[in-house]
Trainee: 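Here's a structure for you.
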Amino acid sequence: MLPRPKKRLGQHFLTDRHYLDRIVAEIDARPGEAMLEIGPGPGALTERLAPVVQPLHVVEIDRELAAALRERFAPGLVVVHEGDALEFDLSALPEGLRVVGNLPYNVSTPLLFHVAAFAPRIRDCVFMLQKEVVDRMVAEPGTPDYGRLSVMLQYRFAMALAFRVPPGAFTPPPKVDSAIVRMEPLREGRRTARDEALFTAIVGAAFSQRRKTLRNAVRSLVDEAAFARAGVDPQRRGETLSVAEFTDLADAAGA
Ligand code: SAM
């Protein structure tokens, strides 16, 4: 029997076998892999992944669900970390970590940023999220979905929508469509900003005032000379800049 879902914890449990099979196939777990599942809930994915990777690490905030998982799975099969995934130190797990899960949608954006901070240690992520969030993650410059989330994640990851999942696959059904996204950290040779805090500030400012020209939106961070050095027209809007152009602008502003 499924536990009574708690809305405030974004609990929508995956109950459709067809979609469970597809997600398990997309993750394609192999023996010996280091794997973390975020938000295992009652364990629909957990029970499929744990026997393969042995042990599967899981982080679950719901005390009752965490206790039930501990009771059901031996520690050699599932290591239950009870707590907030937003505070979970992924560097405590081995490098080459794979991170998976049907994420709690109410904290999906901060969770993505939290996981992204550990990108160098991560092999890949396979997440279920609101389709609308996945659309923003993979959006291209100049499209309505392109924004801060797209730039900040595309700066670190190659990402692709794997497939959509309808509300009826969950109990209770969420109000929105969902999708599986695969994220792979960019490796050697990737373009990085010299000052990542400045890059982050410029991207944030550029999208906090979407209608403004870049000149006005990032006025306090980038002067005219820096625009010229970066070869970026200050009359453009932030939503038209590629990730590489944001990086150029940050490097020029910090020079
Ligand atoms: N994986 C399960 C499934 O597919 O049936 C449950 C998915 S449900 C969408 C999200 C799960 O994340 C819930 O079990 C919820 O308790 C847990 N959760 C919510 N917020 C969390 C947080 N901040 N840290 C860790 N787990 C969280």
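Nothing here was measured: the structure is a model prediction, and the numbers come from that model. Each ligand, and each atom within it, is numbered from 1 in the order the structure gives. Computed over heavy atoms, backbone and side chain alike; hydrogens, waters and symmetry mates excluded.
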Trainee: How far is atom 17 (C) of ligand 1 from the closest protein heavy atom, and which atom is that?
Mentor: Glu60 OE2, 3.4 Å
Trainee: Check whether more than 12 heavy atoms from other residues, nucleotides or ligands sit under 6.0 Å from atom CZ of Arg136, and answer yes or no.
Mentor: yes
Trainee: Is Leu103 in contact with ligand 1, taking contact as a heavy-atom separation below 4.0 Å?
Mentor: yes
Trainee: Return the minimal non-hydrogen interatomic distance between Glu33 and Arg30, and the atom names on each side.
Mentor: OE1-N, 2.9 Å
Trainee: Under 4.0 Å from any heavy atom of Gly10, which atoms of ligand 1 are there?
Mentor: 8 (S), 9 (C), 10 (C)
Trainee: Around atom 19 (C) of ligand 1, find the nearest protein heavy atom and jot down its residue, atom name and distance.
Mentor: Leu9 O, 3.1 Å
Trainee: Could you establish whether Glu37 and ligand 1 come within less than 4.0 Å of each other, counting only heavy atoms on the residue side?
Mentor: yes
Trainee: Note the single closest protein heavy atom to atom 4 (O) of ligand 1, along with its residue, its atom name and the distance in Å.
Mentor: Asn102 ND2, 2.7 Å
Trainee: Do Phe246 and Asp251 have side chains that get closer than 4.5 Å, going by heavy atoms?
Mentor: no
Trainee: Starting from atom 2 (C) of ligand 1, locate the nearest protein heavy atom and write down its residue, its atom name and how far away it is, to 0.1 Å.
Mentor: Pro40 O, 3.2 Å
Trainee: Does Arg215 qualify as a cation-pi partner of Phe227, given the criterion of NZ or CZ under 6.0 Å from the six-membered ring centre and within 45 degrees of its axis?
Mentor: no
Trainee: Could you check atom 6 (C) of ligand 1 against the protein and tell me its nearest heavy-atom contact, residue, atom and distance included?
Mentor: Gly39 O, 3.4 Å
Trainee: Is Arg190 positioned over the aromatic face of Tyr155, cation under 6.0 angstrom from the ring centre and no more than 45 degrees off axis?
Mentor: yes
Trainee: Taking heavy atoms and a distance under 4.0 Å, where does Ile38 meet ligand 1: side chain, backbone, both or neither?
Mentor: neither
Trainee: Treating Thr143 as the side-chain partner and Ala139 as the backbone partner, does any N or O pair qualify as donor plus acceptor under 3.5 Å?
Mentor: no
Trainee: Would you please name every residue forming a salt bridge (Lys or Arg N to Asp or Glu O under 4.0 Å) with Asp84, sequence neighbours left out?
Mentor: none
Trainee: For atom 26 (N) of ligand 1, find the nearest protein heavy atom and state the residue, atom name and distance (0.1 Å precision).
Mentor: Ile61 N, 3.4 Å
Trainee: Backbone, side chain, both or neither: what part of Val59 comes under 4.0 angstrom of ligand 1, heavy atoms only?
Mentor: backbone
Trainee: Could you find the nearest protein heavy atom to atom 13 (C) of ligand 1 and give me its residue, atom name and distance?
Mentor: Gln11 CG, 3.6 Å
Trainee: Considering the options Leu69, Leu56, Leu45, Leu65, which one meets the side-chain contact (heavy atoms from CB on, under 4.5 Å) requirement together with Pro40?
Mentor: Leu69
Trainee: Taking it one step at a time, do Arg156 and Glu196 satisfy salt bridge (charged side-chain N to carboxylate O under 4.0 Å, His left out)?
Mentor: CA-CA 11 Å; Arg156 294 186 189 280; Glu196 292 193 336; 3.4 Å; yes
Trainee: Around atom 24 (N) of ligand 1, find the nearest protein heavy atom and jot down its residue, atom name and distance.
Mentor: Ala85 N, 2.8 Å
